[in-house]
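Working notes, structure below.
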Amino acid sequence: MGAAMVGTTVFGASATVFAADTVTLDVWHQFTDPESAQTQAFEAAVEEYEKEHENIKIELHGLDTESYKTKISTEFASSASGVDVFYYWAPGKLKQLTDADKVLPLNDYVTDDIKSRIKEGSTSNFELDGNLYALPIDSYMMCLFCNKDLFDQAGVEIPTTYDELITAGEALAKLDGVTPLAIGAKDAWLAGALYESLALREVGASEVQSALLGETEFTNEGFKKAAEDVVELYDKGILGKNPLEDGEAEATADFLNGKVAMQLDGSWFAGTIDNAEDSAVKDVEVITFPVVSDEQDAADYAGGASASFFVNKNTDTPEESADFAMYISEKMGEQALEIGTGFPCWNTDVDTDTISPTFVKLMDLYDGVKTGVQNWDGIINANAAAVHLEQAQSLLSGSADIDSFMTAHQDAISAAE
């Protein structure tokens, strides 16, 4: 931490005037792999910032992800006196720090000009109790990747509603050796993703988020209906004979071999499809999870911006720290698509000729969504997440107990508050 600034900042502008004394900002992060494109983008942005701000020196403190999570938690358990700006996750983990009054709101630093450059809805995970604590970097989506050739063989259309998903799934199940919808549920987070996608449709993004953050009870009937939907998909054979038998890797192999009509996965799966040299799949359509009714907001989506740079409320240099946090978030966000980390949350011009064809389709899809809820295990605490994922897998066991499912979630999420 260093001397305070004299005058005012102009975010991202090289003409900013600072005091004669050098200001040192201690910036904590997890970008330590020198081979990673994201690390390279981060370091290049830091270097550019220092060139544009002659009186600002950035002191970097980096650790690998798991070590970093432990270290930053330890720092904020005490004074965190050696931290000005830090990389962190939202909204669940962020809420733990904001409840302890450890994070500086950026309300006074985010100008209308900055707001105009951000994709609408991208800041939702960083807004708590009327305060904005960070700007987004990039975002992801959970999608259904559809093998259009198999849909044509079954004589059905790509579904836009849950009822159409059932109809298409039943028709696809009649094709020899084809799994209508593969989820790789042996990997628990994907079992969770299926339930979460349906809960999003049955309940709506804002209410799901409120329940996961402990602002409302986990009692909405839509949560129970979503569990019933999962069981219905299982009972009708739409998820294959044993959805718990295969993980993401096996589901992916089957999809690329033309044995899966739909696969639920993250937007990063587009790169897998486009880079697979021996894929049997030639025509892929990408959709968000089908809505359950006309009343449901189709602009809600599973995913979102989940991490960014935040400012320690106890920093001696709040203006400089806020300026850097906003700058680094925008710079890294601008490069997100190019380096394959996700969708940029900033309104930037993109040369689609340099992007893989499936990801171009995803970009068009992303332009139509607004409010995201990220995977639940990134929002609720570790103990509640373990219960959630175990219960999500239990819906695919053939002996699901939905009342127990609801009670387990209510108890786990209430205990996490």
4.5 Å side-chain heavy-atom contact, L389 and Y195 = no
Check: L213 and P91 side chains under 4.5 Å, non-hydrogen atoms | yes
Yes or no on side-chain contact (heavy atoms from CB on, under 4.5 Å) for S197 and L264, after CA distance, side-chain angles and deciding distance?
-> CA-CA 10 Å; S197 296; L264 177 64; 4.3 Å; yes
Sorted by chain and number, sequence neighbours left out, side chain to side chain contact (heavy atoms under 4.5 Å, CB included) with E75 holds for W28, K71, A80, V83
Any side-chain heavy-atom pair from L135 and W346 closer than 4.5 angstrom?
-> yes
Solution key, residues 233-248 side-chain donor-acceptor pairs under 3.5 Å, sequence neighbours excluded:
unit_1	atom_1	unit_2	atom_2	d
K236	NZ	E170	OE2	3.3
N242	OD1	L244	N	3.3

Do the charged groups of D149 and K282 touch, with an N to O distance under 4.0 Å?
-> no
For S267, all residues meeting side-chain hydrogen bond (donor to acceptor under 3.5 Å, both in side chains), sequence neighbours excluded | none
Counting heavy atoms not belonging to K186, are there more than 12 under 6.0 Å from its NZ?
-> no
A45 and I328 have their tightest heavy-atom pair at CB-CD1, 3.3 Å
The complete set of salt bridge (charged side-chain N to carboxylate O under 4.0 Å, His left out) pairs with one or both residues in residues 363-385, sequence neighbours excluded, reads E120-K370
Determine yes or no for a side-chain-to-main-chain donor-acceptor pair under 3.5 angstrom, with T317 supplying the side chain and E320 the backbone.
-> no
Partners meeting salt bridge (Lys or Arg N to Asp or Glu O under 4.0 Å) with D229 (sequence neighbours left out) | K225
When you look at F255 and V281, which way does the side-chain contact (heavy atoms from CB on, under 4.5 Å) test go after all the steps?
-> CA-CA 8 Å; F255 183 89; V281 183; 4.2 Å; yes
Would you please name every residue forming a salt bridge (Lys or Arg N to Asp or Glu O under 4.0 Å) with D112, sequence neighbours left out?
-> none
Is there a side-chain contact between L396 and I183, using heavy atoms and a 4.5 Å cut-off?
-> yes
Answer yes or no: is there a donor N or O on one side and an acceptor on the other, between the side chain of T111 and the main chain of I114, under 3.5 Å?
-> yes
D152: salt bridge (Lys or Arg N to Asp or Glu O under 4.0 Å) partners, not counting sequence neighbours | K148
Step by step, work out the side chain to side chain donor-acceptor pair (under 3.5 Å) result for Q263 and T252.
-> CA-CA 8 Å; Q263 180 164 336; T252 296; 3.2 Å; yes
Going by the side chain to side chain donor-acceptor pair (under 3.5 Å) test, which pairs reach into residues 386-400, not counting sequence neighbours?
-> E196-H388, H388-H409, S397-S399
Is a side-chain donor or acceptor of E59 paired with a backbone partner of T24 at a separation under 3.5 angstrom?
-> no
Atom NZ of K361: over 12 foreign heavy atoms under 6.0 Å = yes
Apply the test ring-ring contact (aromatic ring centres under 6.0 Å, His included) to residues Y49 and F324: give CA-CA distance (whole Å), side-chain angles for both, the deciding distance (0.1 Å), then the verdict.
-> CA-CA 8 Å; Y49 185 85; F324 174 77; 5.1 Å; yes
Listed partners of D187 passing side-chain hydrogen bond (donor to acceptor under 3.5 Å, both in side chains), at least two apart | none
Above 12 or not: heavy atoms from other molecules or residues under 6.0 Å from NZ of K102?
-> yes
Side chain to side chain donor-acceptor pair (under 3.5 Å) partners of residues 37-47, not counting sequence neighbours, each pair once = none
The complete set of ring pair (Phe, Tyr, Trp, His ring centres under 6.0 Å) pairs with one or both residues in residues 81-101, sequence neighbours excluded, reads F31-Y87, F76-F86, F86-Y88, F86-F310, Y87-W89, Y87-F309
Please step through side-chain contact (heavy atoms from CB on, under 4.5 Å) for the pair L365 and T288, ending with a clear verdict.
-> CA-CA 8 Å; L365 193 64; T288 54; 3.9 Å; yes
L25/I56 under side-chain contact (heavy atoms from CB on, under 4.5 Å): CA gap, chis, key distance, verdict = CA-CA 7 Å; L25 301 182; I56 300 289; 4.1 Å; yes
Which atoms form the tightest heavy-atom contact between P344 and G333, and what is the distance?
-> CB-O, 3.2 Å
Please confirm whether the backbone N or O of E319 pairs with a side-chain atom of D323, one donor and one acceptor, at under 3.5 Å?
-> no
State, with a plain yes or no, whether a side-chain heavy atom of S139 is found less than 4.5 Å away from one of Y366.
-> yes
Heavy-atom check, side chain of L144 versus side chain of V286, under 4.5 Å | no
Which residue pairs pass the ring pair (Phe, Tyr, Trp, His ring centres under 6.0 Å) test when at least one of the two sits in residues 141-188, sequence neighbours left out?
-> F145-F269
Is there a donor-acceptor contact under 3.5 Å from the side chain of R201 to the main chain of F289?
-> yes
Could you walk me through whether T315 and D84 pass the side chain to side chain donor-acceptor pair (under 3.5 Å) check?
-> CA-CA 5 Å; T315 180; D84 292 305; 2.6 Å; yes
Should the heavy atoms of other residues, nucleotides or ligands under 6.0 Å from CD of E157 be counted, would the total exceed 12?
-> no
Could you tell me whether F218 and F223 have their ring centroids closer than 6.0 angstrom?
-> yes
